[in-house]
Amino acid sequence: MTARAQSADHEIRLRWWAVALPVAVFVALLALLTSGGPNETATGLEPVTRILEHVHSALL
């Protein structure tokens with residue numbers, strides 16, 4: 001029982017890269033989605049593309 005009580009007192013800490021890596025991957029994928037030319041967009045995805053372009057311009 002004392003082993004459980006001692007392990008419950010330990011604080012769990014995240015490393016800096018555990019947060020930075022998913023953020024970097026998300027930004028990279030978002031940039032790839034928004035950097036396509038106007039001829040590459042599908043007609044059904046045009047509203048989504050506009051939203052992503054707005055988010056991309058707001059972030060830059």
Verify side chain to side chain contact (heavy atoms under 4.5 Å, CB included) between V27 and L59, making sure each step is shown before the conclusion. CA-CA 10 Å; V27 169; L59 291 175; 5.7 Å; no

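- When the side chains of ILVMFWY residues are joined at heavy-atom separations under 4.5 Å, either directly or via intervening members, L52 and F26 end up in a single hydrophobic cluster.
- L21 and W16 are members of different hydrophobic clusters when ILVMFWY side chains are connected at heavy-atom separations under 4.5 Å.
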